[in-house]
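Labels below follow one simple rule: chain letters A, B, ... track the order of the sequence lines, proteins then strands, and each chain is numbered from 1.
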Protein chains: 2
Amino acid sequence: MVKKHIYIYSPSGAVRDKAAFKRGVKRLAALGYDVELDADALSSHMRFAGDDDTRLAAIHRAAASGADIAMISRGGYGLTRILDGIRYKTISKAIERGTQFVGISDFTAFQMALLAKTGAVTWAGPALCEGFGVGGAPDLQPDDIMEDCFHDMASGQGEGTGWRQNQAWPRATPLNVHHATVWGGNLSVLASMVGTPYFPSIKSGILFLEDVGEHPYQIERMLTQLLLAGILSSQKAVVLGQFTGFTLNSHDKGFKLNTVVAWLQSRLKVPVLTNLPYGHVQTKVLLPVGKSADLAAEGKDVMLVWGH
Amino acid sequence: MVKKHIYIYSPSGAVRDKAAFKRGVKRLAALGYDVELDADALSSHMRFAGDDDTRLAAIHRAAASGADIAMISRGGYGLTRILDGIRYKTISKAIERGTQFVGISDFTAFQMALLAKTGAVTWAGPALCEGFGVGGAPDLQPDDIMEDCFHDMASGQGEGTGWRQNQAWPRATPLNVHHATVWGGNLSVLASMVGTPYFPSIKSGILFLEDVGEHPYQIERMLTQLLLAGILSSQKAVVLGQFTGFTLNSHDKGFKLNTVVAWLQSRLKVPVLTNLPYGHVQTKVLLPVGKSADLAAEGKDVMLVWGH
């Protein structure tokens, strides 16, 4: 069997953890992938992986690579400021030819803009360093579930995912959503695109959100923006992934993430589901952004099915 | 002369620093003001100054108070989530009757929403605790310039303000802007309202921005949102106030606030002026949000004049 070809490029922050980068490349090779590195994958310009032109060129080289998978080295910050330099049709044609784009975090900006401009499907999933470059010690290995989902994506075998919520679906009748577009990603990045021409106009979709390092009040403020802009109420479901890396303090006096989730559901007729295994965590699934899917929830169990 | 009447209320975060609150009230009394405290000015519900209904009632009591000035106790977080419960016409009528609303930070949400819904003028200026409640030791007194500007606002004497930029106005001919609406405030709060019905549609205005505790890359991401949404390019001038309370790190490698300012100016034909004495700092002016003003810049000197 011909090895799948993965092209690694850096559209956002500079790679500082070279060891993680190397471990990731080695891991992918050990898993049977043919890994190609973009010439500027390790470039650095201030906090960016090269200046704006360098990163734009890297994105377009990834599109021209003919690889099966184009995966970012890492997230960080850098895509929002170059959105008007990306040739979206070129990217969508590469996707039509069979290159699957995958990434997380800052990559949400690329995914949303591409979806808005072309409707092309990309994958929310691991970046090289944080996904495959983790660890170094024998007990710190890339997560099995993430790797299985990645193989499914690479081989076109993935059909969906299931998980258990924190709280049971509160209504007597199960939730069933059909033919809804899966979209979303990092809440901070997504909220920072509202009102711009790069924000996709998805109605009756399944919107998933995750974030890291944002206090619940900041999460709530961003959700409020989506709420007041009418974006949440026009979806079929809002699915909250993992929100990690924040610290509550004495001023909060009981205000916490669950407070925000309960408040959101109180303000929204659209169902709010929780605990999607996706975000800045090791155990995460891959999600096809822009693809039509069915979603079913009963009790704590949720199934999201997008077929081939 | 009849004392000016100040009504203190809490629409956002709970007051934790009671000593600062008391010092502020005492200071205003010593300055010759008649201070009235809202019944829930010191209420606390989680991180908020009372639950949503409590804070909405406090806002409407401030509007009904007949005071010359309605001033918030402090900012924090809490206004964006109650924007759809505020009776904006009631507020604008109170302003017509002579009550001037003043505040900062989270208060930007109230000011933007009121401007969007009614066009009423409010003041960007001190909150009780951080403005007048500062210190306690003899060498920590409220700032003279801020107090002078406050008296000017209270007496209707304020006509404008002048300051020196960090860098000189780069063009040979001086900048002259006439009859432009002054608007803006806290960048995080303002950006979190883009795309919602509470964001004012101000064209050809003078947009001022400040923030605290946001890293330059976050400031840039928020400015990018305003840029890509077409909000910055439709103004006559963008005026940057004080951006404070962040820490650069080794990943930045030369990326700093000035990098962001230079980048913004490179992306924008509209002039970007700097160093407005306004923000989360002691020395700050008061600015009439929603009022028409003239702005002139030559070399480092800037004058903003709004008349009576």
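Contacts with chain B (heavy atom to heavy atom, under 4.5 Å) involve these residues of residues 236-251 of chain A, listed by number: A:H251. Residues of residues 223-235 of chain A having a heavy atom under 4.5 Å from any heavy atom of chain B, listed by number: A:T224, A:Q225, A:L228, A:A229.
Residue A:F48 touches chain B through its side chain alone, counting heavy-atom pairs closer than 4.5 Å. For A:R16, the part lying under 4.5 angstrom from a heavy atom of chain B is the side chain only. Residue A:M193 touches chain B through its backbone alone, counting heavy-atom pairs closer than 4.5 Å.
Residue B:K256 places its NZ atom among 12 or fewer non-hydrogen atoms of other residues, nucleotides or ligands, all under 6.0 Å distant.
In this structure B:H60 satisfies the ring-ring contact (aromatic ring centres under 6.0 Å, His included) test with no other residue, sequence neighbours excluded. Listed by chain and residue number, nothing satisfies the side-chain contact (heavy atoms from CB on, under 4.5 Å) test with A:A262 (two or more places apart in sequence, or in another chain).
When side chains are defined from C-beta on, A:R221 counts as touching B:S188, because their heavy atoms get closer than 4.5 Å. At least one side-chain heavy atom of A:R267 sits under 4.5 Å from a side-chain heavy atom of B:D84.
Between chain A and the residues B:H45, B:M222, B:M46, B:K253, the most heavy-atom pairs under 4.5 angstrom are made by B:M46.
The aromatic rings of B:Y217 and A:Y77 sit tilted, their planes meeting at an angle between 30° and 60°.
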